Novice: 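Please read through the structure below; I'll follow up with questions.
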Number of protein chains: 2
Amino acid sequence: MKTTSRLFKALADETRLRILSLLMEGELCVCNLMEVLRLPQSTVSRHLAYLKNAGWVDDRREGVWMYYSINRKGSDFHDGMFHFLKRHLASLPVSAADRKSLAAFEENNKCA
Amino acid sequence: MKTTSRLFKALADETRLRILSLLMEGELCVCNLMEVLRLPQSTVSRHLAYLKNAGWVDDRREGVWMYYSINRKGSDFHDGMFHFLKRHLASLPVSAADRKSLAAFEENNKCA
DNA sequence: TGACTATATCCGTTTATGCGGATATAGTTT
DNA sequence: AAACTATATCCGCATAAACGGATATAGTCA
């Protein structure tokens, strides 16, 4: 039960929900997230560490960049919640706006 | 999005999850919850107010007693999450123990 | 009305969480 | 190795939550 509440705590923050929503499109590196969220790097990294710790995301190093993605190897709880969240978050205005600004940034690939 | 994170915050606490799990069996009054959770009345009432505020539970007065139940008139989000939670929480040891001690209390109806 | 009971709310204290600049780490390039 | 870049972690501060005893409220019964 304590574990369950910890998993929910990770979802109980607007920034982290925005991050998850963005990652549902595919993996992203920290710099992409910084740009879209317009938050300092330490803040973004902290939230990512929180999400990783709770098993929501996975990371992968590629040279100097860290790519984060939704963790597909989580528990049934993770899977079910992820599926549920995907539909819900997609319908929110903030998600749409974030996706849009992500697309703009990716076009001229500022990060690489 | 802020709304969504608020809804998750309400679930991000072990005591509140235990309360929800108990209410999934049916409505209960505050005194029942106090007994099962072994927590002071102010603490239980506070958590119930929190859950009600987030739309997770509903209340009903019957004389001097307040009966709380899962709110069935919530949003799609509430409904979906409730359905998901029901299966998950049921499988946790704490839930089983709480249900057991609730049954014991209800047998000699201490509250009424 | 007054005593009693169940519950809600208040308040001061403690604990947890978020923040972001500063610093540390790790990989890359020269 | 030295300079550079991306990311992680540290640290002090500010805000928010949880706690539970004390008090207020609302209903009941005599």
Side-chain angles (χ1 to χ4, degrees), chain A residues 1-20 22-23 27-54 56-69 105-106 109-112, chain B residues 1-20 22-23 27-54 56-69 105-106 109-112:
Chain A
M1 194 74 108
K2 205 165 175 190
T3 307
T4 307
S5 67
R6 253 192 62 253
L7 295 184
F8 278 122
K9 270 191 226 301
L11 303 179
D13 178 274
E14 193 176 2
T15 302
R16 289 193 291 269
L17 289 178
R18 288 175 73 194
I19 290 175
L20 287 177
L22 283 163
L23 293 182
E27 70 173 7
L28 292 172
C29 70
V30 180
C31 46
N32 282 139
L33 291 167
M34 286 170 60
E35 286 161 348
V36 175
L37 302 172
R38 298 192 160 277
L39 287 172
Q41 179 263 322
S42 67
T43 298
V44 175
S45 279
R46 179 166 31 80
H47 283 300
L48 286 167
Y50 201 131
L51 287 170
K52 188 187 170 194
N53 214 302
W56 293 112
V57 305
D58 204 1
D59 60 1
R60 170 177 80 85
R61 180 178 282 278
E62 190 173 318
V64 135
W65 295 279
M66 290 296 290
Y67 284 94
Y68 283 85
S69 56
F105 278 122
E106 278 183 333
N109 217 352
K110 285 201 182 173
C111 190
Chain B
M1 193 74 106
K2 204 165 177 191
T3 308
T4 307
S5 67
R6 253 194 61 254
L7 295 184
F8 278 122
K9 270 193 226 300
L11 303 179
D13 177 275
E14 193 176 3
T15 302
R16 290 195 289 269
L17 289 177
R18 288 175 72 194
I19 290 175
L20 287 177
L22 283 163
L23 293 182
E27 69 173 5
L28 291 174
C29 69
V30 180
C31 47
N32 281 140
L33 291 167
M34 288 171 60
E35 286 160 347
V36 174
L37 301 173
R38 298 193 160 278
L39 288 172
Q41 180 263 320
S42 67
T43 298
V44 174
S45 279
R46 179 166 34 78
H47 283 302
L48 286 167
Y50 201 132
L51 287 170
K52 188 187 170 193
N53 214 302
W56 292 113
V57 305
D58 204 0
D59 59 2
R60 169 177 80 84
R61 181 177 282 279
E62 190 173 317
V64 136
W65 295 278
M66 291 295 289
Y67 285 94
Y68 284 86
S69 56
F105 278 121
E106 278 181 333
N109 218 355
K110 284 198 183 174
C111 189

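Throughout, a chain's letter reflects where its sequence line sits, starting with A, and its residues are numbered from 1. Reckoned from all heavy atoms, side chains included, excluding hydrogens, waters and symmetry mates. Predicted model, so just to flag it, every value in this text is computed and none were measured.
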Novice: Tell me the interatomic distance from A:Leu37, atom CG, to C:dG18, atom P, rounded to whole angstroms.
Specialist: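 From A:Leu37 CG to C:dG18 P: 15 Å.
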Novice: Which residues in residues 3-11 of chain B have a heavy atom closer than 4.0 Å to any atom of DNA chain C?
Specialist: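 Nucleic-acid contacts, sorted: none.
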Novice: Taking all non-hydrogen atoms of both residues into account, name the closest pair between A:Val57 and A:Leu48 and its distance.
Specialist: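 That would be CG2-O, 4.0 Å.
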Novice: Looking at every non-hydrogen atom in both residues, tell me the closest pair between A:Asp59 and A:Tyr68 and how far apart they are.
Specialist: CB-CE2, 3.6 Å
Novice: Could you work out, with side-chain contact (heavy atoms from CB on, under 4.5 Å) as the rule, every residue matching B:Asn53, not counting sequence neighbours?
Specialist: B:Arg6
Novice: Between P on D:dT5 and CE on A:Met34, what's the gap in Å once rounded to a whole number?
Specialist: 14 Å
Novice: Separation of A:Leu39 atom CG from D:dT7 atom C1', in whole Å?
Specialist: 16 Å
Novice: Rounded to the Å, how far apart are B:Met66 CE and C:dT9 P?
Specialist: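 Distance check: B:Met66 CE to C:dT9 P gives 9 Å.
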Novice: Where do A:Trp65 and A:Cys31 come nearest, in terms of heavy atoms and distance?
Specialist: CD1-SG, 4.2 Å
Novice: Determine which pairs satisfy side chain to side chain donor-acceptor pair (under 3.5 Å) with at least one residue from residues 7-17 of chain A, sequence neighbours left out, and list them in order.
Specialist: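 Sorted result for residues 7-17 of chain A: A:Arg16-A:His47.
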Novice: Okay, side chain of A:Trp56, backbone of A:Leu7: is any donor-acceptor separation there less than 3.5 Å?
Specialist: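 The answer is yes, because a donor-acceptor pair under 3.5 Å joins these two groups.
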Novice: Contacts to DNA chain C from residues 40-52 of chain B, heavy-atom cutoff under 4.0 Å, which residues?
Specialist: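 Heavy-atom cutoff 4.0 Å gives B:Gln41, B:Ser42, B:Ser45.
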Novice: Between C:dA6 atom P and B:Asp59 atom CG, what is the distance in whole Å?
Specialist: 18 Å
Novice: What's the CG-P distance between B:Asp13 and C:dT15, to the nearest Å?
Specialist: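 It is 16 Å, rounded to the nearest whole Å.
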Novice: Can you list everything that forms a side-chain hydrogen bond (donor to acceptor under 3.5 Å, both in side chains) with A:Thr4? Sequence neighbours excluded, please.
Specialist: B:His88
Novice: Just the rounded figure in Å: distance from P of D:dC4 to CH2 of A:Trp65.
Specialist: 17 Å
Novice: Dump every N/O contact between nucleotides 28-30 of chain D and the protein below 3.5 Å, one line per pair.
Specialist:
none

Novice: Does a side-chain N or O of A:Arg61 approach OP1 or OP2 of D:dA6 to a distance below 4.0 Å, or not?
Specialist: no
Novice: Run the side-chain hydrogen bond (donor to acceptor under 3.5 Å, both in side chains) test against B:Ser45 and tell me which residues pass, sequence neighbours left out.
Specialist: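 Listed in chain order: B:Gln41.
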Novice: Which part of the nucleic acid, if any, lies within contact of A:Tyr68, taking any heavy atom under 4.0 Å across all strands shown: a base, the sugar-phosphate backbone alone, or nothing?
Specialist: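 Sugar-phosphate contact only.
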Novice: Who pairs with B:Arg61 by side-chain contact (heavy atoms from CB on, under 4.5 Å), at least two apart in sequence or on another chain?
Specialist: B:Met66
